[in-house]
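Computed from a predicted model, the values in this text were never measured in an experiment.
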Amino acid sequence: MIFSWLRSRRRRAICQRPFPAPWDETLSRVCRQAAWLDEGDSRRWRQWIALFLAEKRFEGCGGQRIDDDVRLAIAGQAGLVALGFPDELFDRLKSILVYPGDWVGKKATSLEGGVHLEWRERRLGEAWNGGSVVLAWPAVRRGGLLQDGPRSVVIHEFAHLVDAMNGPFDGLPPLPRGVDGRDWAARLTACRERYEEALDEGRSVALDDYAAESPVEFFAVASECFFQDPHRLIRGDAELYDLLAVSWQQDPKSRVPMSSLRGR
Ligand SMILES: [Zn+2]
């Protein structure tokens with residue numbers, strides 16, 4: 001109780017400080033999404049970034065340097081997902097580990113008959129039970145520069161963290177009060193089935209095929225597209241966009257320009 005009182009007092013003090021001008025300059029360079037936000041969203045977004053930077057530990061791994069470019073590219077993209085719930089600071093998340101490139105992670109699954117399979121694969125990001133997030137800097141950078149189409153590894157990993165807020169990683173994030181969770185989940189499943197069918201039939205789809213990996217990855221990959229290129233998501237499946245607009249409590253199509261107008 002005392003801790004949370006102290007924390008909210010500290011947070012209030014941080015929000016009252018002027019946002020450092022060099023951070024604005026860095027954000028406009030490493031997080032191009034900054035240009036999409038109107039005045040009110042931009043103010044809330046920058047307050048969230050200041051709090052996030054004050055509370056989280058950034059660790060460079062494998063020789064990665066941590067500077068303001070790295071910290072702000074990550075906080076800026078993470079702050080986009082928090083625009084719908086600006087008081088959410090991911091309290092369980094303590095540290096962000098940044099690598100200079102992809103790293104090789106372990107993956108395991110159990111097959112029928114009790115066979116346990118383990119293998120290694122290259123990764124761009126990973127969320128570990130909500131306590132830490134691991135990110136590859138080149139992928140973080142591409143997402144902030146809008147050079148990865150609808151992808152952003154930061155948005156992807158923070159979508160996983162939000163997914164796990166109401167229980168296990170299951171591709172079903174918390175929903176606002178009053179939303180029928182069963183109906184929402186059934187409609188999301190129908191979107192995933194439509195997507196997988198289109199993928200199987202070789203039709204063009206809005207999402208990277210990594211979305212077909214599992215319901216958990218479907219939610220994270222669809223969320224990347226929702227924030228990075230909502231018009232592409234709407235063209236692919238307008239109902240999926242609407243469902244995500246409910247869970248993220250935002251409507252990014254009203255702020256994000258069509259990709260053809262972004263000057264890329
Ligand atoms: Zn994932």
Side-chain angles (χ1 to χ4, degrees), residues 15 19 23-56 58 68-90 93 96 98 124-125 127 133 135 137 139-165 173-174 176 206-208 219-234 240-259 262 264:
C15 289
F19 195 76
W23 286 6
D24 269 329
E25 184 277 321
T26 304
L27 279 168
S28 65
R29 199 161 39 73
V30 299
C31 187
R32 300 230 171 119
Q33 295 88 339
W36 299 341
L37 304 176
D38 65 22
E39 213 181 308
D41 277 348
S42 178
R43 195 181 56 248
R44 280 190 294 280
W45 180 66
R46 288 143 91 240
Q47 277 183 350
W48 190 92
I49 290 170
L51 289 170
F52 188 81
L53 292 187
E55 295 188 2
K56 307 302 176 195
F58 287 76
D68 278 355
D69 277 25
V70 174
R71 284 153 35 95
L72 286 161
I74 294 169
Q77 291 174 78
L80 292 173
V81 311
L83 275 174
F85 20 82
D87 295 331
E88 181 55 64
L89 260 297
F90 300 93
L93 176 66
I96 294 138
V98 190
L124 301 174
V133 161
L135 297 164
W137 168 237
V140 170
R141 195 161 188 280
R142 286 195 304 273
L145 296 178
L146 306 174
Q147 287 175 345
D148 238 356
R151 304 298 314 254
S152 157
V153 69
V154 177
I155 291 171
H156 183 103
E157 298 310 329
F158 277 79
H160 284 325
L161 294 183
V162 169
D163 174 358
M165 270 176 187
L207 306 178
D208 188 289
F219 172 69
V221 173
S223 294
E224 291 178 71
C225 191
F226 175 78
F227 288 105
Q228 293 284 75
D229 196 347
H231 308 287
R232 177 187 172 113
L233 184 61
I234 292 166
L240 178 54
Y241 178 89
D242 290 343
L243 290 169
L244 294 180
V246 169
S247 72
W248 288 111
Q249 302 179 51
Q250 302 188 42
D251 184 22
K253 75 171 181 313
S254 60
R255 65 170 183 254
V256 180
M258 305 289 257
S259 50
R262 288 191 209 163
R264 286 194 272 139

Just so I know, are the side chains of Val256 and Phe227 near enough to count as touching, which here means a heavy-atom distance under 4.5 Å?
no
Heavy atoms of Val133 and Leu161 approach each other most closely as CG2-CD1, 3.8 Å
For Pro173 and Ser247, the nearest pair of non-hydrogen atoms, with its separation, is CG-CB, 3.9 Å
Can you check whether Leu240 reaches Leu207 side chain to side chain, under 4.5 Å on heavy atoms?
yes
Using side-chain heavy atoms (C-beta onward) and a distance below 4.5 Å, is Phe158 in contact with Leu93?
yes
May I have the step-by-step check of side chain to side chain contact (heavy atoms under 4.5 Å, CB included) for Ile74 and Ile96, ending in yes or no?
CA-CA 9 Å; Ile74 294 169; Ile96 294 138; 4.1 Å; yes
State whether the side chain of Arg232 and the backbone N or O of Ala206 hold a donor-acceptor pair below 3.5 Å, judged by distance alone.
yes
Heavy-atom closest contact (Leu72 atom, Leu53 atom, distance):
CD2-CD1, 3.8 Å
Can you measure from CZ (Arg142) to CH2 (Trp137) and round to the nearest 0.5 angstrom?
11.0 Å
For the residue pair Arg46 and Phe19, what are the closest heavy atoms and their distance?
O-CE1, 3.2 Å
How many angstroms lie between atom CG of Asp251 and atom OH of Tyr241, to the nearest 0.5 angstrom?
3.5 Å
Separation of Asp41 CG from Gln33 CD (nearest 0.5 Å):
13.5 Å
Going through the distances and angles, do Asp242 and Val246 end up as a side chain to side chain contact (heavy atoms under 4.5 Å, CB included)?
CA-CA 6 Å; Asp242 290 343; Val246 169; 5.9 Å; no
In Å and rounded to the nearest 0.5 Å, what is the CG to CH2 distance from Leu83 to Trp248?
11.0 Å
Donor-acceptor contact present, side-chain Lys253 to main-chain Leu233, <3.5 Å
no
When you compare the side chain of Ser223 with that of Val81, does any pair of heavy atoms fall below 4.5 Å?
no
For the residue pair Phe52 and Phe90, is the inter-centroid distance of their aromatic rings smaller than 6.0 Å?
no
How far apart are the closest heavy atoms of Trp36 and Gln228, and which atoms are they?
CH2-O, 3.7 Å
Polar side chain donor-acceptor pair, Arg141 to Gln147, under 3.5 angstrom:
no
Here the gap from Arg255 atom CZ to Asp38 atom CG, rounded to the nearest 0.5 Å, amounts to 9.0 Å
Please check: side-chain N/O of Gln250 versus main-chain N/O of Leu80, any donor-acceptor pairing under 3.5 Å?
yes
Report the distance from atom CZ of Arg44 to atom CD1 of Ile49, rounding to the nearest 0.5 Å.
13.0 Å
Gln77 and Ser152 side chains, donor-acceptor separation under 3.5 Å:
yes
Side chain to side chain contact (heavy atoms under 4.5 Å, CB included) evaluation trace for Cys31 with Trp45
CA-CA 12 Å; Cys31 187; Trp45 180 66; 3.9 Å; yes
May I ask you to decide whether Arg29 forms a salt bridge with Glu25, counting only side-chain N to carboxylate O separations under 4.0 Å?
yes
Intermediate values then yes/no, side chain to side chain contact (heavy atoms under 4.5 Å, CB included), Leu89 and Trp48:
CA-CA 8 Å; Leu89 260 297; Trp48 190 92; 4.0 Å; yes
salt_bridge(Asp208, Arg151) N-O dist < 4.0 Å:
yes
Tell me the closest heavy-atom pair linking Pro174 and Met165, and the distance in Å.
CG-CB, 4.0 Å
